[in-house]
Amino acid sequence: MRKLRRLVHMVLFCPISKGLQTRLPGIKVKYLFLAWLGIFVGSWVVYIHYSSYSELCRGQVCRMIICDQYKKGIISGSACKDLCDQRNLVFQQCLSSSPTHQIYSGKWKNGEVIIKCGVEENLKVDSNPDNPPRRELVLFDKPTRGTSMDEFKEMLGNFLKANLGEQASHTALVSRILTMADINNDNKVSLAEAKSIWSLLHLNEFLLMLSLREKEHTSQLLGHCGDLYVTEKIPHDSLYGNQIPGFLQTLLPSPVHRLIHQWFAPAWPRRAKIAIGLLEFIEEIFHGTYGSFFICDARFKNIGYNDKYDFKVLDLRKVATEMTIRGFLKGRHCEQNSDCTFGRDCTAACDKLMKQCKNNVIQPNLAKACMLLQDYLLYGSPSDLRDELQKQLQTCMTLSGLASQMEVHHSLILNNLKALLWKKISNTKYS
């Protein structure tokens, strides 16, 4: 045992010493050094992962806050009993990328779900661990006691107008919101129910899920409790099936990324069906029932598909309403176009003379989608289709300017691309 400990000590702390080389003549020093380096890097990765886990993953804090408010009668929701009383809504794997936006996979009603809730940075935690944390700012403060149903409807209408623009369809959306809020189906909305739905509407993703609920390309909303909400789990969380682990993404060069994606991507006809779904989604949000929407982080990791190869948006937080972007750009000082960027890639032009951002996004959604689809569709595509497909994708990627001023051109390119793909897979098992 003593000799073994001595050997380990020598490998870890003296990997390039001459003494080690003479005692272990059969082992080259460089291999020992590489082994030591591998152990060191692996230990560092594990340390970084677990040191950041406690900061990123605060599901228990989220549950404590929500259940504390629920038991006090401040909030309500269709998932509250299962979350707080019966404990049937179970948190599992942490998927959070930000400490203020908690995302977990979970189990509910014998199915796999995604659980999302916000945890404010300015929450206070008592020294007693048994006491629930409390927020400095009261989240569930509106509507106040004494607010009538008509006043609440007016609040909802004004909120939708401010966030989605003036739309004739707002009356129907207000009715849908009130129906969702009425969890006990008594045709009344209690104060707790109203506070819960009001707080949820201030979450961008929830508002967009309601606005696009009639479409088949968003995750199905399954329930809520306060500002915590539950959605269906999309089994494939990337256009290529599964994502490369985060720590490997930084280590592997882009050509290796592309090769791995190609290995694990679905068969080409399946990819064509998923691409058609993406194009349909672009068409739906171009001038939707409740306004126009912009994809502000067009990367394959934000979109996926289900087991039937139907396209699904994974993260609607990366989608913004036209009103949100206009509000961001209005009066914004700039020196160059990059100063006028909302999210990752919703960029407007900078007026160099006035030093202010213009109001319209330069690159429409369709051009971003086609940039995603270029590698995705051309790899492994049928030889009789490849040239025409590449030509249409190149034309699509050059789209720019104000989309509403070129609506006919936009629609023509989108429909031609859909028709080209659909013609190839229609009347087959893939359609």
Side-chain angles (χ1 to χ4, degrees), residues 215-219 234-244 248-249 252-286 295 297-315 318 345 363-400 403 406-431:
K215 314 303 181 184
E216 61 182 18
H217 300 120
T218 59
S219 300
I234 307 303
H236 304 283
D237 59 356
S238 165
L239 272 182
Y240 291 94
N242 292 292
Q243 296 188 32
I244 300 173
L248 283 179
Q249 290 181 13
L252 299 177
S254 296
V256 177
H257 282 202
R258 187 177 296 110
L259 189 61
I260 292 174
H261 288 152
Q262 291 174 354
W263 280 343
F264 293 100
W268 187 87
R270 303 289 194 196
R271 280 180 275 145
K273 182 182 179 183
I274 296 166
I276 290 172
L278 171 57
L279 294 173
E280 289 174 347
F281 177 71
I282 297 297
E283 193 172 22
E284 290 165 358
I285 66 175
F286 183 51
I295 300 173
D297 190 349
R299 288 183 287 181
F300 60 81
K301 71 175 188 176
N302 293 322
I303 49 185
Y305 57 93
N306 62 16
D307 290 331
K308 296 181 180 179
Y309 298 92
D310 298 320
F311 167 82
K312 294 286 185 178
V313 183
L314 294 174
D315 193 352
K318 309 302 183 183
D345 51 23
Q363 190 178 39
N365 292 325
L366 183 57
K368 297 176 186 178
C370 289
M371 291 179 70
L372 272 181
L373 294 177
Q374 185 179 34
D375 287 342
Y376 190 68
L377 286 177
L378 289 178
Y379 169 72
S381 59
S383 57
D384 60 335
L385 182 77
R386 187 174 297 116
D387 290 343
E388 180 62 23
L389 179 59
Q390 186 169 15
K391 178 182 176 182
Q392 291 200 23
L393 287 171
Q394 287 289 347
T395 302
C396 175
M397 288 189 293
T398 60
L399 283 171
S400 62
M406 51 184 227
E407 187 166 344
V408 175
H409 189 209
H410 181 283
S411 298
L412 183 64
I413 291 175
L414 190 149
N415 289 328
N416 285 345
L417 191 53
K418 277 174 57 180
L420 180 68
L421 296 172
W422 185 249
K423 182 179 179 181
K424 194 65 182 177
I425 66 170
S426 61
N427 300 320
T428 68
K429 64 178 182 178
Y430 301 105
S431 63

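Only this structure's heavy atoms are used, side chains among them; waters, hydrogens and symmetry mates stay out. We're numbering straight along the sequence, starting at 1.
How far CG of N306 is from NE2 of H236: 7.5 Å, rounded to the nearest 0.5 Å. Taken from CD1 in I285 to NE2 in H217, the straight-line distance is 11.0 Å, to the nearest 0.5 Å. Interatomic distance, NZ of K368 versus CZ of R299, reported as 12.0 Å (0.5 Å rounding). Rounding to the nearest 0.5 Å places CE of M397 at 11.0 Å from CG of L372. With rounding to the nearest 0.5 Å, the separation of CG in L393 from OG1 in T398 is 11.0 Å.
Using a distance-only test at 3.5 Å, with no hydrogens or angles considered, a donor-acceptor pair links the side chain of N365 to the main chain of I295. Checked by atom type and distance alone, the side chain of K273 never pairs as donor or acceptor with a backbone atom of W422 at under 3.5 Å. The backbone N or O of D297 sits less than 3.5 Å from a side-chain atom of N302, completing a donor-acceptor pair. A distance-only check finds a donor-acceptor pair linking the side chain of R271 to the backbone of Y379 [under 3.5 Å]. Using a distance-only test at 3.5 Å, with no hydrogens or angles considered, a donor-acceptor pair links the side chain of D345 to the main chain of A298.
In this structure, D384 pairs ionically with K424, as a charged nitrogen and a carboxylate oxygen lie closer than 4.0 Å. Between K308 and D310, none of the side-chain N atoms (NZ, or NE/NH1/NH2) sits under 4.0 Å from a carboxylate O, so this pair counts as no salt bridge.
Y240 and Y376 have perpendicular rings, their planes meeting at more than 60° on a 0 to 90° scale where under 30° would count as parallel. Ring-plane geometry between F281 and F311 is classed as tilted, the angle between the planes lying from 30 to 60 degrees on a 0 to 90 degree scale.
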### Message
Under the criterion side chain to side chain contact (heavy atoms under 4.5 Å, CB included), I'd like the reasoning laid out for Q392 against I413: C-alpha separation, chi angles, the key distance, then a yes or no.
### Response
CA-CA 7 Å; Q392 291 200 23; I413 291 175; over 6 Å; no

### Message
Using side chain to side chain contact (heavy atoms under 4.5 Å, CB included), reason through L421 and L377 one step at a time and then give a plain yes or no.
### Response
CA-CA 10 Å; L421 296 172; L377 286 177; 4.0 Å; yes

### Audit row: E216, E280, side chain to side chain contact (heavy atoms under 4.5 Å, CB included) steps and yes/no
CA-CA 10 Å; E216 61 182 18; E280 289 174 347; 4.1 Å; yes

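With hydrogens and angles left out, the side-chain atoms of Q394 and Q390 include no donor and acceptor closer than 3.5 Å.
Of all heavy-atom pairs spanning L385 and W268, the tightest one is CD2-CH2, 3.3 Å. Summarising the geometry of L420 relative to L389, their closest heavy-atom pair is CD2-CA, 3.7 Å, with the distance given to 0.1 Å. Summarising the geometry of A272 relative to I425, their closest heavy-atom pair is CB-CG2, 4.0 Å, with the distance given to 0.1 Å. The minimum heavy-atom distance linking I303 with V313 is given by the pair CG2-CA, 4.3 Å. Between C396 and L366, the closest heavy-atom pair is SG-O, 3.4 Å. Closest heavy-atom contact between A369 and L278: CB-CD2, 4.1 Å.
Inter-residue side-chain proximity for R386 and L378 is flagged as met; some heavy-atom pair is nearer than 4.5 Å. In this structure, L414 and K418 have side chains that are in contact, with non-hydrogen atoms separated by less than 4.5 Å.
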